[in-house]
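Bear in mind that the values here come from a model prediction, so they are computed numbers and not experimental data. Here is how names work: the chains are called A, B, and so on, in the same order as the sequence lines, proteins then strands, and each is numbered from 1. Hydrogens, waters and symmetry mates play no part in the numbers below; they use all other heavy atoms, side chains included.
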Protein chains: 2
Amino acid sequence: MTKPQLEEAGRAPSRRERVREATLAEIKSIARRHLVGQGASGVSLRAIAREMGMTAPGLYRYVSGIDSLLVLITADMFDELGAAVAAADASVPARDTDRRILTSLRAFRRWALEHPAEFAAMFGPRTRLEPGADPGPAVEAARRFGATFFTLFEQLIREERFELPDGRAVGADLERELRAFARMCGFGDEDTPVEAVMVLTSCWVRLYGVVCMEIFQHLDFVMRDMEPLFESELQNVLTGLGVRYESPQSSSTVTMGKSE
Amino acid sequence: MTKPQLEEAGRAPSRRERVREATLAEIKSIARRHLVGQGASGVSLRAIAREMGMTAPGLYRYVSGIDSLLVLITADMFDELGAAVAAADASVPARDTDRRILTSLRAFRRWALEHPAEFAAMFGPRTRLEPGADPGPAVEAARRFGATFFTLFEQLIREERFELPDGRAVGADLERELRAFARMCGFGDEDTPVEAVMVLTSCWVRLYGVVCMEIFQHLDFVMRDMEPLFESELQNVLTGLGVRYESPQSSSTVTMGKSE
DNA sequence: ACGCTTTAGTGAACGCCGTTAACAGACACG
DNA sequence: CGTGTCTGTTAACGGCGTTCACTAAAGCGT
(Lines give C-alpha, C1' and ligand atoms only; values in the text may rest on other atoms or scores of the structure.)
Protein backbone atom coordinates (compact mmCIF):
# COMPACT_ATOMS: atom_id res chain seq x y z
CA MET A 1 0.00 0.00 0.00
CA THR A 2 2.67 2.46 0.98
CA LYS A 3 4.54 2.06 -2.25
CA PRO A 4 2.83 1.17 -5.51
CA GLN A 5 3.36 -2.32 -6.78
CA LEU A 6 2.77 -3.07 -10.40
CA GLU A 7 0.32 -5.90 -9.72
CA GLU A 8 -2.78 -5.15 -11.77
CA ALA A 9 -3.13 -2.55 -14.49
CA GLY A 10 -4.59 0.83 -13.62
CA ARG A 11 -3.18 1.35 -10.11
CA ALA A 12 -0.93 4.29 -9.40
CA PRO A 13 1.91 4.27 -11.93
CA SER A 14 5.25 3.32 -10.45
CA ARG A 15 8.21 5.57 -10.93
CA ARG A 16 9.51 3.28 -13.62
CA GLU A 17 6.30 3.45 -15.50
CA ARG A 18 6.24 7.21 -15.30
CA VAL A 19 9.70 7.74 -16.74
CA ARG A 20 9.00 5.14 -19.34
CA GLU A 21 5.88 6.92 -20.42
CA ALA A 22 7.76 10.21 -20.53
CA THR A 23 10.40 8.72 -22.78
CA LEU A 24 7.76 7.33 -25.10
CA ALA A 25 6.11 10.73 -25.17
CA GLU A 26 9.42 12.33 -26.11
CA ILE A 27 9.91 9.83 -28.89
CA LYS A 28 6.48 10.53 -30.29
CA SER A 29 6.95 14.25 -29.91
CA ILE A 30 10.19 14.28 -31.87
CA ALA A 31 8.75 11.95 -34.48
CA ARG A 32 5.82 14.28 -34.85
CA ARG A 33 8.12 17.25 -35.34
CA HIS A 34 10.06 15.43 -38.01
CA LEU A 35 6.83 14.40 -39.69
CA VAL A 36 5.71 18.00 -39.82
CA GLY A 37 9.07 19.22 -41.03
CA GLN A 38 9.92 16.65 -43.65
CA GLY A 39 6.92 14.45 -44.28
CA ALA A 40 6.26 10.89 -43.24
CA SER A 41 9.29 9.60 -45.12
CA GLY A 42 11.48 11.94 -43.08
CA VAL A 43 10.77 10.16 -39.82
CA SER A 44 13.64 7.87 -38.88
CA LEU A 45 14.44 6.04 -35.69
CA ARG A 46 18.11 6.89 -35.95
CA ALA A 47 17.46 10.59 -36.24
CA ILE A 48 15.09 10.50 -33.30
CA ALA A 49 17.57 8.59 -31.19
CA ARG A 50 20.35 10.97 -32.15
CA GLU A 51 18.27 13.92 -31.08
CA MET A 52 17.50 12.23 -27.78
CA GLY A 53 21.14 11.47 -27.13
CA MET A 54 20.80 7.74 -27.41
CA THR A 55 21.23 5.06 -30.03
CA ALA A 56 18.63 3.69 -32.38
CA PRO A 57 18.31 0.15 -31.03
CA GLY A 58 17.37 1.59 -27.67
CA LEU A 59 14.14 2.85 -29.14
CA TYR A 60 13.08 -0.72 -29.73
CA ARG A 61 12.39 -0.93 -26.01
CA TYR A 62 9.57 1.53 -26.61
CA VAL A 63 8.45 0.90 -30.15
CA SER A 64 8.41 -2.30 -32.13
CA GLY A 65 9.61 -0.58 -35.28
CA ILE A 66 9.14 2.53 -37.31
CA ASP A 67 5.85 1.38 -38.76
CA SER A 68 4.23 0.99 -35.41
CA LEU A 69 5.66 4.33 -34.34
CA LEU A 70 3.89 5.95 -37.27
CA VAL A 71 0.69 4.20 -36.31
CA LEU A 72 1.08 5.49 -32.77
CA ILE A 73 1.48 9.11 -33.72
CA THR A 74 -1.29 8.79 -36.28
CA ALA A 75 -3.60 7.71 -33.49
CA ASP A 76 -2.47 10.69 -31.45
CA MET A 77 -3.18 13.01 -34.32
CA PHE A 78 -6.67 11.61 -34.76
CA ASP A 79 -7.30 12.20 -31.08
CA GLU A 80 -6.03 15.73 -31.46
CA LEU A 81 -8.18 16.39 -34.51
CA GLY A 82 -11.15 14.90 -32.71
CA ALA A 83 -10.51 17.11 -29.71
CA ALA A 84 -10.27 20.20 -31.90
CA VAL A 85 -13.56 19.42 -33.57
CA ALA A 86 -15.23 18.58 -30.28
CA ALA A 87 -13.95 21.83 -28.76
CA ALA A 88 -15.36 23.82 -31.66
CA ASP A 89 -18.62 21.99 -31.26
CA ALA A 90 -18.71 22.73 -27.56
CA SER A 91 -18.06 26.43 -28.14
CA VAL A 92 -21.55 26.78 -29.57
CA PRO A 93 -24.74 26.58 -27.51
CA ALA A 94 -25.83 22.96 -27.45
CA ARG A 95 -29.29 23.83 -28.74
CA ASP A 96 -28.04 25.51 -31.91
CA THR A 97 -27.54 22.38 -33.93
CA ASP A 98 -27.14 24.30 -37.17
CA ARG A 99 -24.26 26.38 -36.02
CA ARG A 100 -22.68 23.47 -34.20
CA ILE A 101 -22.51 21.60 -37.48
CA LEU A 102 -21.20 24.58 -39.35
CA THR A 103 -18.58 25.25 -36.73
CA SER A 104 -17.47 21.65 -36.42
CA LEU A 105 -17.00 21.22 -40.15
CA ARG A 106 -15.05 24.44 -40.42
CA ALA A 107 -12.94 23.32 -37.50
CA PHE A 108 -12.14 20.15 -39.39
CA ARG A 109 -10.89 22.06 -42.39
CA ARG A 110 -9.08 24.58 -40.24
CA TRP A 111 -7.21 21.85 -38.40
CA ALA A 112 -6.27 20.26 -41.71
CA LEU A 113 -4.98 23.59 -42.98
CA GLU A 114 -2.92 24.15 -39.88
CA HIS A 115 -1.58 20.60 -39.91
CA PRO A 116 -1.15 19.64 -43.54
CA ALA A 117 1.60 17.12 -42.91
CA GLU A 118 -0.43 15.39 -40.24
CA PHE A 119 -3.49 15.41 -42.43
CA ALA A 120 -1.60 13.86 -45.30
CA ALA A 121 -0.35 11.08 -43.04
CA MET A 122 -3.80 10.49 -41.62
CA PHE A 123 -5.93 10.70 -44.72
CA GLY A 124 -3.50 10.03 -47.51
CA PRO A 125 -2.86 6.65 -49.03
CA ARG A 126 -1.20 4.02 -46.92
CA THR A 127 2.19 4.75 -48.40
CA ARG A 128 4.44 3.09 -45.93
CA LEU A 129 2.87 0.34 -43.83
CA GLU A 130 2.49 -2.78 -45.85
CA PRO A 131 -0.91 -4.46 -45.58
CA GLY A 132 0.34 -6.79 -42.89
CA ALA A 133 0.73 -4.11 -40.25
CA ASP A 134 -2.07 -3.55 -37.78
CA PRO A 135 -3.30 0.03 -37.70
CA GLY A 136 -5.61 -0.82 -34.82
CA PRO A 137 -5.03 2.13 -32.51
CA ALA A 138 -5.28 4.55 -35.42
CA VAL A 139 -8.64 3.39 -36.70
CA GLU A 140 -9.99 3.35 -33.17
CA ALA A 141 -8.96 6.97 -32.76
CA ALA A 142 -10.42 7.75 -36.15
CA ARG A 143 -13.71 6.34 -34.98
CA ARG A 144 -13.65 8.56 -31.92
CA PHE A 145 -13.01 11.46 -34.23
CA GLY A 146 -16.10 10.70 -36.24
CA ALA A 147 -18.32 10.55 -33.18
CA THR A 148 -18.89 14.28 -33.00
CA PHE A 149 -20.30 14.38 -36.48
CA PHE A 150 -22.40 11.29 -35.95
CA THR A 151 -24.05 12.80 -32.93
CA LEU A 152 -24.88 15.99 -34.77
CA PHE A 153 -26.20 14.13 -37.77
CA GLU A 154 -28.40 11.96 -35.61
CA GLN A 155 -29.91 15.13 -34.28
CA LEU A 156 -30.75 16.19 -37.82
CA ILE A 157 -32.46 12.91 -38.45
CA ARG A 158 -34.40 13.20 -35.22
CA GLU A 159 -35.61 16.64 -36.24
CA GLU A 160 -36.47 15.39 -39.71
CA ARG A 161 -34.62 18.28 -41.25
CA PHE A 162 -34.36 16.87 -44.73
CA GLU A 163 -36.37 14.40 -46.69
CA LEU A 164 -34.70 11.13 -47.41
CA PRO A 165 -33.95 10.23 -51.01
CA ASP A 166 -35.86 7.52 -52.75
CA GLY A 167 -34.94 4.32 -50.99
CA ARG A 168 -35.49 2.22 -54.07
CA ALA A 169 -32.35 3.71 -55.55
CA VAL A 170 -30.40 1.95 -52.82
CA GLY A 171 -29.56 -1.54 -53.94
CA ALA A 172 -29.45 -4.52 -51.65
CA ASP A 173 -25.67 -4.70 -51.58
CA LEU A 174 -25.24 -1.02 -50.87
CA GLU A 175 -27.80 -1.34 -48.09
CA ARG A 176 -25.75 -4.11 -46.54
CA GLU A 177 -22.61 -2.02 -46.76
CA LEU A 178 -24.24 1.00 -45.22
CA ARG A 179 -25.74 -1.02 -42.40
CA ALA A 180 -22.36 -2.51 -41.62
CA PHE A 181 -20.83 0.93 -41.61
CA ALA A 182 -23.40 2.32 -39.20
CA ARG A 183 -23.10 -0.64 -36.88
CA MET A 184 -19.34 -0.55 -36.78
CA CYS A 185 -19.18 3.16 -36.06
CA GLY A 186 -21.98 3.19 -33.59
CA PHE A 187 -23.99 5.54 -35.73
CA GLY A 188 -27.74 5.51 -35.36
CA ASP A 189 -29.62 2.39 -34.39
CA GLU A 190 -31.71 -0.34 -35.93
CA ASP A 191 -34.46 2.08 -36.88
CA THR A 192 -32.18 4.54 -38.64
CA PRO A 193 -33.12 4.31 -42.30
CA VAL A 194 -30.33 3.29 -44.64
CA GLU A 195 -31.11 6.29 -46.77
CA ALA A 196 -29.97 8.47 -43.89
CA VAL A 197 -26.65 6.64 -43.67
CA MET A 198 -26.35 7.07 -47.38
CA VAL A 199 -26.87 10.81 -47.11
CA LEU A 200 -24.34 11.09 -44.29
CA THR A 201 -21.70 9.24 -46.25
CA SER A 202 -22.34 11.28 -49.34
CA CYS A 203 -22.06 14.57 -47.46
CA TRP A 204 -18.89 13.48 -45.75
CA VAL A 205 -17.30 12.41 -49.00
CA ARG A 206 -18.08 15.72 -50.64
CA LEU A 207 -16.47 17.79 -47.92
CA TYR A 208 -13.62 15.35 -47.52
CA GLY A 209 -12.93 15.68 -51.22
CA VAL A 210 -12.53 19.42 -51.07
CA VAL A 211 -10.24 19.32 -48.09
CA CYS A 212 -8.16 16.53 -49.58
CA MET A 213 -7.69 18.44 -52.78
CA GLU A 214 -6.73 21.49 -50.82
CA ILE A 215 -4.25 19.80 -48.54
CA PHE A 216 -2.74 17.55 -51.16
CA GLN A 217 -2.34 20.62 -53.31
CA HIS A 218 -3.71 19.12 -56.46
CA LEU A 219 -5.16 22.40 -57.52
CA ASP A 220 -2.25 24.31 -56.14
CA PHE A 221 -1.01 25.50 -59.49
CA VAL A 222 -4.49 26.57 -60.20
CA MET A 223 -6.16 27.85 -57.10
CA ARG A 224 -4.37 29.38 -54.16
CA ASP A 225 -7.11 29.82 -51.64
CA MET A 226 -9.67 27.07 -51.71
CA GLU A 227 -11.71 28.46 -48.86
CA PRO A 228 -14.37 29.90 -51.16
CA LEU A 229 -14.79 26.55 -52.83
CA PHE A 230 -15.02 24.83 -49.50
CA GLU A 231 -17.58 27.33 -48.28
CA SER A 232 -19.57 26.91 -51.45
CA GLU A 233 -19.58 23.16 -51.13
CA LEU A 234 -20.40 23.49 -47.45
CA GLN A 235 -23.35 25.69 -48.27
CA ASN A 236 -24.64 23.22 -50.85
CA VAL A 237 -24.29 20.27 -48.55
CA LEU A 238 -25.87 21.96 -45.56
CA THR A 239 -28.71 23.44 -47.55
CA GLY A 240 -29.45 19.99 -48.86
CA LEU A 241 -29.65 18.82 -45.26
CA GLY A 242 -31.98 21.60 -44.23
CA VAL A 243 -29.29 23.21 -42.13
CA ARG A 244 -28.98 26.98 -41.93
CA TYR A 245 -25.79 28.21 -43.56
CA GLU A 246 -24.02 31.38 -42.57
CA SER A 247 -21.01 32.69 -44.37
CA PRO A 248 -17.99 33.26 -42.18
CA GLN A 249 -17.88 36.92 -41.30
CA SER A 250 -14.12 37.14 -41.45
CA SER A 251 -11.30 36.09 -43.73
CA SER A 252 -9.48 32.85 -43.23
CA THR A 253 -6.68 34.27 -41.13
CA VAL A 254 -8.88 35.87 -38.48
CA THR A 255 -10.11 33.97 -35.48
CA MET A 256 -13.83 34.19 -36.09
CA GLY A 257 -15.02 36.41 -33.26
CA LYS A 258 -15.93 33.84 -30.65
CA SER A 259 -12.95 33.32 -28.46
CA GLU A 260 -11.77 29.90 -27.41
CA MET B 1 22.60 13.97 -94.83
CA THR B 2 23.30 10.35 -95.60
CA LYS B 3 23.61 9.40 -92.01
CA PRO B 4 21.69 11.19 -89.29
CA GLN B 5 23.69 13.68 -87.34
CA LEU B 6 22.39 14.77 -84.04
CA GLU B 7 22.27 18.41 -85.14
CA GLU B 8 18.67 19.47 -84.60
CA ALA B 9 16.04 17.56 -82.71
CA GLY B 10 13.44 15.52 -84.50
CA ARG B 11 15.38 13.91 -87.34
CA ALA B 12 15.55 10.15 -87.64
CA PRO B 13 16.82 8.70 -84.36
CA SER B 14 20.32 7.30 -84.56
CA ARG B 15 21.02 3.81 -83.40
CA ARG B 16 22.47 5.18 -80.20
CA GLU B 17 19.37 7.19 -79.50
CA ARG B 18 17.17 4.17 -80.10
CA VAL B 19 18.96 1.89 -77.68
CA ARG B 20 19.14 4.70 -75.18
CA GLU B 21 15.42 5.22 -75.36
CA ALA B 22 14.86 1.50 -74.99
CA THR B 23 16.98 1.43 -71.86
CA LEU B 24 15.10 4.35 -70.39
CA ALA B 25 11.86 2.60 -71.20
CA GLU B 26 13.08 -0.51 -69.43
CA ILE B 27 14.02 1.53 -66.38
CA LYS B 28 10.61 3.14 -66.25
CA SER B 29 8.91 -0.18 -66.84
CA ILE B 30 10.69 -1.87 -63.95
CA ALA B 31 10.14 1.13 -61.73
CA ARG B 32 6.49 1.00 -62.55
CA ARG B 33 6.31 -2.67 -61.67
CA HIS B 34 7.95 -2.05 -58.33
CA LEU B 35 5.62 0.85 -57.69
CA VAL B 36 2.65 -1.39 -58.29
CA GLY B 37 4.06 -4.20 -56.21
CA GLN B 38 5.32 -2.31 -53.20
CA GLY B 39 4.18 1.29 -53.35
CA ALA B 40 6.10 4.40 -54.18
CA SER B 41 8.52 3.91 -51.30
CA GLY B 42 9.44 0.53 -52.75
CA VAL B 43 10.98 1.99 -55.87
CA SER B 44 14.76 2.06 -55.61
CA LEU B 45 17.45 2.69 -58.16
CA ARG B 46 19.59 -0.09 -56.80
CA ALA B 47 16.84 -2.66 -57.13
CA ILE B 48 16.06 -1.54 -60.64
CA ALA B 49 19.70 -1.70 -61.64
CA ARG B 50 20.06 -5.12 -60.06
CA GLU B 51 17.12 -6.40 -62.04
CA MET B 52 18.58 -4.97 -65.23
CA GLY B 53 21.93 -6.60 -64.60
CA MET B 54 23.78 -3.37 -64.07
CA THR B 55 24.84 -1.18 -61.18
CA ALA B 56 22.98 1.73 -59.67
CA PRO B 57 25.26 4.61 -60.68
CA GLY B 58 24.80 3.62 -64.29
CA LEU B 59 21.18 4.67 -64.07
CA TYR B 60 22.29 8.22 -63.48
CA ARG B 61 23.10 8.37 -67.20
CA TYR B 62 19.38 8.14 -67.80
CA VAL B 63 17.78 9.71 -64.78
CA SER B 64 19.00 12.52 -62.60
CA GLY B 65 17.89 10.80 -59.42
CA ILE B 66 15.07 8.80 -57.97
CA ASP B 67 12.81 11.79 -57.54
CA SER B 68 12.92 12.68 -61.18
CA LEU B 69 12.36 9.04 -62.08
CA LEU B 70 9.18 9.09 -60.05
CA VAL B 71 8.11 12.26 -61.80
CA LEU B 72 8.77 10.61 -65.13
CA ILE B 73 6.67 7.55 -64.47
CA THR B 74 3.97 9.71 -62.93
CA ALA B 75 3.77 11.62 -66.19
CA ASP B 76 3.53 8.33 -68.05
CA MET B 77 0.72 7.22 -65.81
CA PHE B 78 -1.20 10.41 -66.39
CA ASP B 79 -0.82 9.91 -70.10
CA GLU B 80 -2.06 6.37 -69.71
CA LEU B 81 -5.04 7.42 -67.63
CA GLY B 82 -5.79 10.15 -70.11
CA ALA B 83 -5.64 7.67 -72.96
CA ALA B 84 -7.97 5.28 -71.15
CA VAL B 85 -10.50 8.01 -70.57
CA ALA B 86 -10.18 9.29 -74.12
CA ALA B 87 -10.64 5.78 -75.47
CA ALA B 88 -13.78 5.32 -73.41
CA ASP B 89 -15.01 8.65 -74.65
CA ALA B 90 -14.31 7.70 -78.24
CA SER B 91 -16.16 4.41 -77.88
CA VAL B 92 -19.43 6.32 -77.72
CA PRO B 93 -21.03 8.12 -80.67
CA ALA B 94 -19.70 11.65 -80.69
CA ARG B 95 -23.20 13.13 -80.68
CA ASP B 96 -24.27 11.41 -77.49
CA THR B 97 -22.72 13.86 -75.08
CA ASP B 98 -24.59 12.44 -72.12
CA ARG B 99 -23.31 8.95 -72.52
CA ARG B 100 -19.83 10.18 -73.38
CA ILE B 101 -19.67 11.95 -70.05
CA LEU B 102 -21.05 8.99 -68.16
CA THR B 103 -18.66 6.62 -69.86
CA SER B 104 -15.62 8.84 -69.39
CA LEU B 105 -16.22 9.31 -65.70
CA ARG B 106 -16.76 5.62 -65.15
CA ALA B 107 -13.58 4.96 -67.10
CA PHE B 108 -11.74 7.25 -64.72
CA ARG B 109 -12.90 5.30 -61.70
CA ARG B 110 -12.33 2.00 -63.41
CA TRP B 111 -8.75 2.89 -64.23
CA ALA B 112 -8.20 3.98 -60.65
CA LEU B 113 -9.59 0.70 -59.38
CA GLU B 114 -7.39 -1.30 -61.70
CA HIS B 115 -4.32 0.77 -60.85
CA PRO B 116 -4.62 1.69 -57.21
CA ALA B 117 -0.90 2.06 -56.62
CA GLU B 118 -0.54 4.34 -59.60
CA PHE B 119 -3.54 6.34 -58.54
CA ALA B 120 -2.13 6.82 -55.06
CA ALA B 121 1.13 8.06 -56.48
CA MET B 122 -0.62 10.40 -58.88
CA PHE B 123 -3.35 11.79 -56.69
CA GLY B 124 -2.05 11.23 -53.20
CA PRO B 125 -0.07 13.71 -51.18
CA ARG B 126 3.38 14.59 -52.35
CA THR B 127 4.97 12.15 -49.94
CA ARG B 128 8.44 11.96 -51.38
CA LEU B 129 9.55 14.87 -53.56
CA GLU B 130 10.50 17.81 -51.44
CA PRO B 131 9.02 21.10 -52.60
CA GLY B 132 12.18 21.97 -54.49
CA ALA B 133 11.74 19.32 -57.16
CA ASP B 134 10.14 20.23 -60.43
CA PRO B 135 7.15 18.05 -61.30
CA GLY B 136 6.86 19.80 -64.67
CA PRO B 137 6.29 16.83 -66.97
CA ALA B 138 3.77 15.34 -64.58
CA VAL B 139 1.53 18.39 -64.34
CA GLU B 140 1.69 18.81 -68.08
CA ALA B 141 0.46 15.25 -68.52
CA ALA B 142 -2.17 15.85 -65.88
CA ARG B 143 -3.42 18.77 -67.89
CA ARG B 144 -3.68 16.62 -70.99
CA PHE B 145 -5.66 14.15 -68.92
CA GLY B 146 -8.16 16.81 -67.96
CA ALA B 147 -8.70 17.90 -71.53
CA THR B 148 -11.26 15.21 -72.29
CA PHE B 149 -13.48 16.32 -69.47
CA PHE B 150 -13.04 19.97 -70.32
CA THR B 151 -14.20 19.40 -73.85
CA LEU B 152 -17.28 17.53 -72.74
CA PHE B 153 -18.12 20.12 -70.15
CA GLU B 154 -17.78 22.92 -72.66
CA GLN B 155 -20.33 21.09 -74.74
CA LEU B 156 -22.74 21.13 -71.81
CA ILE B 157 -22.28 24.84 -71.43
CA ARG B 158 -22.86 25.39 -75.12
CA GLU B 159 -26.08 23.45 -74.93
CA GLU B 160 -27.11 25.34 -71.80
CA ARG B 161 -27.93 22.10 -70.08
CA PHE B 162 -28.04 23.46 -66.56
CA GLU B 163 -28.71 26.84 -65.14
CA LEU B 164 -25.81 28.56 -63.55
CA PRO B 165 -25.87 29.25 -59.84
CA ASP B 166 -26.27 32.74 -58.52
CA GLY B 167 -23.15 34.59 -59.56
CA ARG B 168 -23.31 36.92 -56.60
CA ALA B 169 -22.35 34.05 -54.33
CA VAL B 170 -18.97 34.00 -56.07
CA GLY B 171 -16.66 36.44 -54.36
CA ALA B 172 -14.08 38.53 -56.16
CA ASP B 173 -11.14 36.44 -54.96
CA LEU B 174 -12.77 33.16 -55.90
CA GLU B 175 -13.57 34.62 -59.30
CA ARG B 176 -9.93 35.46 -59.80
CA GLU B 177 -8.90 31.96 -58.79
CA LEU B 178 -11.38 30.34 -61.10
CA ARG B 179 -10.38 32.52 -64.02
CA ALA B 180 -6.74 31.64 -63.48
CA PHE B 181 -7.65 27.98 -63.36
CA ALA B 182 -9.59 28.13 -66.62
CA ARG B 183 -6.85 30.08 -68.38
CA MET B 184 -4.09 27.76 -67.25
CA CYS B 185 -5.93 24.62 -68.28
CA GLY B 186 -7.22 25.98 -71.54
CA PHE B 187 -10.78 25.48 -70.41
CA GLY B 188 -13.44 27.68 -72.00
CA ASP B 189 -12.68 31.16 -73.18
CA GLU B 190 -13.11 34.76 -72.12
CA ASP B 191 -16.86 34.52 -72.39
CA THR B 192 -17.21 31.42 -70.25
CA PRO B 193 -18.96 32.55 -67.09
CA VAL B 194 -17.06 32.00 -63.87
CA GLU B 195 -20.09 30.28 -62.47
CA ALA B 196 -19.58 27.56 -65.03
CA VAL B 197 -15.98 27.05 -63.96
CA MET B 198 -17.22 26.93 -60.42
CA VAL B 199 -19.70 24.22 -61.25
CA LEU B 200 -17.08 22.20 -63.10
CA THR B 201 -14.68 22.35 -60.20
CA SER B 202 -17.35 21.41 -57.73
CA CYS B 203 -18.45 18.41 -59.76
CA TRP B 204 -14.91 17.24 -60.20
CA VAL B 205 -14.17 17.53 -56.52
CA ARG B 206 -17.21 15.49 -55.60
CA LEU B 207 -16.34 12.61 -57.87
CA TYR B 208 -12.66 12.85 -57.03
CA GLY B 209 -13.54 12.60 -53.37
CA VAL B 210 -15.41 9.34 -53.79
CA VAL B 211 -12.68 7.74 -55.83
CA CYS B 212 -9.97 8.94 -53.44
CA MET B 213 -11.81 7.48 -50.49
CA GLU B 214 -12.24 4.26 -52.36
CA ILE B 215 -8.65 3.91 -53.51
CA PHE B 216 -7.07 5.12 -50.31
CA GLN B 217 -9.30 2.65 -48.49
CA HIS B 218 -10.47 5.02 -45.81
CA LEU B 219 -13.80 3.35 -45.66
CA ASP B 220 -12.33 -0.06 -46.21
CA PHE B 221 -13.19 -1.36 -42.78
CA VAL B 222 -16.65 -0.08 -43.36
CA MET B 223 -17.61 -0.50 -46.97
CA ARG B 224 -16.20 -3.06 -49.30
CA ASP B 225 -17.65 -2.13 -52.62
CA MET B 226 -17.97 1.58 -53.09
CA GLU B 227 -19.36 1.34 -56.58
CA PRO B 228 -22.94 1.99 -55.45
CA LEU B 229 -21.84 5.11 -53.64
CA PHE B 230 -19.91 6.27 -56.66
CA GLU B 231 -22.88 5.63 -58.91
CA SER B 232 -25.16 7.48 -56.54
CA GLU B 233 -22.85 10.45 -56.43
CA LEU B 234 -22.45 10.27 -60.18
CA GLN B 235 -26.19 10.31 -60.62
CA ASN B 236 -26.55 13.33 -58.35
CA VAL B 237 -23.81 15.24 -60.07
CA LEU B 238 -25.00 14.49 -63.58
CA THR B 239 -28.62 15.18 -62.80
CA GLY B 240 -27.57 18.54 -61.44
CA LEU B 241 -25.86 19.19 -64.75
CA GLY B 242 -28.87 18.22 -66.79
CA VAL B 243 -27.16 15.12 -68.05
CA ARG B 244 -29.07 11.89 -68.55
CA TYR B 245 -27.95 9.19 -66.11
CA GLU B 246 -28.15 5.51 -66.81
CA SER B 247 -27.26 2.87 -64.30
CA PRO B 248 -24.56 0.47 -65.45
CA GLN B 249 -26.17 -2.69 -66.77
CA SER B 250 -23.49 -5.00 -65.49
CA SER B 251 -21.59 -5.63 -62.28
CA SER B 252 -18.19 -4.14 -61.65
CA THR B 253 -16.19 -7.17 -62.73
CA VAL B 254 -17.65 -7.44 -66.22
CA THR B 255 -16.06 -5.71 -69.15
CA MET B 256 -19.04 -3.65 -70.23
CA GLY B 257 -19.68 -4.94 -73.71
CA LYS B 258 -17.47 -2.86 -75.96
CA SER B 259 -14.20 -4.57 -76.62
CA GLU B 260 -10.88 -2.75 -76.79
C1' DA C 1 22.28 -5.49 2.87
C1' DC C 2 22.56 -8.95 -0.39
C1' DG C 3 21.51 -11.38 -4.52
C1' DC C 4 18.36 -12.12 -8.22
C1' DT C 5 15.50 -10.62 -11.96
C1' DT C 6 13.83 -7.37 -14.94
C1' DT C 7 14.71 -3.45 -17.66
C1' DA C 8 17.24 0.33 -20.36
C1' DG C 9 20.55 1.16 -23.26
C1' DT C 10 25.06 0.31 -26.04
C1' DG C 11 28.10 -1.44 -29.87
C1' DA C 12 28.83 -4.13 -33.65
C1' DA C 13 27.05 -6.01 -37.55
C1' DC C 14 24.06 -6.99 -41.81
C1' DG C 15 21.97 -5.48 -45.72
C1' DC C 16 19.48 -1.99 -47.81
C1' DC C 17 19.30 2.79 -49.80
C1' DG C 18 20.83 7.48 -52.83
C1' DT C 19 24.51 9.77 -54.56
C1' DT C 20 29.19 11.23 -56.00
C1' DA C 21 33.76 10.73 -58.06
C1' DA C 22 37.35 8.57 -60.61
C1' DC C 23 37.98 5.54 -64.03
C1' DA C 24 37.60 1.88 -68.08
C1' DG C 25 35.73 0.25 -72.33
C1' DA C 26 32.71 0.75 -76.52
C1' DC C 27 31.11 3.25 -80.17
C1' DA C 28 30.89 7.04 -83.73
C1' DC C 29 33.10 9.89 -86.63
C1' DG C 30 36.79 12.83 -88.59
C1' DC D 1 43.67 5.38 -87.10
C1' DG D 2 43.08 8.59 -83.53
C1' DT D 3 39.93 11.21 -80.72
C1' DG D 4 36.22 12.29 -78.19
C1' DT D 5 31.62 11.16 -76.47
C1' DC D 6 28.72 7.98 -74.33
C1' DT D 7 27.87 4.03 -71.24
C1' DG D 8 28.82 1.68 -67.54
C1' DT D 9 31.91 0.08 -63.59
C1' DT D 10 34.19 0.14 -58.93
C1' DA D 11 34.92 2.38 -54.65
C1' DA D 12 33.35 5.11 -51.24
C1' DC D 13 30.41 8.12 -48.01
C1' DG D 14 26.67 8.60 -45.17
C1' DG D 15 22.02 7.32 -43.79
C1' DC D 16 18.52 3.93 -42.93
C1' DG D 17 15.84 -0.31 -40.17
C1' DT D 18 16.69 -4.12 -37.58
C1' DT D 19 18.87 -8.00 -34.92
C1' DC D 20 21.94 -9.86 -31.53
C1' DA D 21 25.01 -10.13 -27.78
C1' DC D 22 26.17 -7.70 -24.11
C1' DT D 23 26.62 -4.25 -19.96
C1' DA D 24 24.85 -1.58 -16.35
C1' DA D 25 21.44 0.01 -13.61
C1' DA D 26 17.11 -0.17 -11.21
C1' DG D 27 13.68 -2.69 -8.55
C1' DC D 28 12.38 -6.24 -5.39
C1' DG D 29 12.18 -10.24 -2.16
C1' DT D 30 14.35 -11.96 1.56
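- Residue A:Tyr60 has no polar side-chain atom (N or O) positioned under 4.0 Å from OP1 or OP2 of D:dT19.
- Every salt bridge (charged side-chain N to carboxylate O under 4.0 Å, His left out) that B:Glu51 has, sequence neighbours left out, goes to B:Arg33.
- Spacing between atom CZ of B:Arg50 and atom C1' of D:dG8 amounts to 17 Å, rounded to whole angstrom units.
- Under the side chain to side chain donor-acceptor pair (under 3.5 Å) criterion, the residue pairs touching residues 53-64 of chain B are B:Ser64-B:Ser68, with sequence neighbours excluded.
- The pair A:Glu233-A:Arg109 does not count as a salt bridge, with every side-chain nitrogen at least 4.0 angstrom from each carboxylate oxygen.
- Atom C1' of nucleotide C:dC16 and atom NE2 of B:His34 are separated by 14 Å, given to the nearest angstrom.
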Pairs of donor and acceptor atoms involving the side chains of residues 69-79 of chain B, under 3.5 Å and at least two apart or interchain, shall be tabulated with distances.
{"from": "B:Thr74", "atom 1": "OG1", "to": "B:Leu70", "atom 2": "O", "distance (Å)": "2.6"}
{"from": "B:Asp76", "atom 1": "OD2", "to": "B:Lys28", "atom 2": "NZ", "distance (Å)": "3.0"}
{"from": "B:Asp79", "atom 1": "OD1", "to": "B:Arg144", "atom 2": "NE", "distance (Å)": "3.1"}
{"from": "B:Asp79", "atom 1": "OD1", "to": "B:Arg144", "atom 2": "NH2", "distance (Å)": "2.8"}
{"from": "B:Asp79", "atom 1": "OD2", "to": "B:Arg144", "atom 2": "NH2", "distance (Å)": "3.2"}

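- As rounded to whole Å, 12 Å separates atom C1' of D:dG17 from atom CG of A:Leu70.
- Taking atom CZ of B:Arg18 as the reference point, atom P of D:dC6 lies 17 Å away to the nearest angstrom.
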Each nucleotide of nucleotides 7-14 of chain C classed B (base within 4.0 Å of a protein heavy atom), S (only sugar-phosphate) or -, in 5' to 3' order, makes SBBBBBB-
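- Contacts of A:Phe187 classified as ring pair (Phe, Tyr, Trp, His ring centres under 6.0 Å), with partners at least two apart in sequence or in another chain: A:Phe150, A:Phe153.
- What separates CD1 of A:Ile48 from C1' of D:dC16 is a distance of 12 Å, to the nearest Å.
- Remark: A:Glu26 engages no residue in a salt bridge (charged side-chain N to carboxylate O under 4.0 Å, His left out) (not counting sequence neighbours).
- Here the side chain of B:Ile66 is nearest to one of D:dC16, D:dT18, C:dG18, namely C:dG18.
- Remark: P of D:dC16 and CD of A:Glu51 are 12 Å apart, rounded to the nearest angstrom.
- B:Ile27 places its CD1 atom 13 Å from the P atom of C:dG18, with the value rounded to the nearest Å.
- A straight line from CD of B:Glu17 to P of D:dC6 spans 11 Å, rounded to a whole angstrom.
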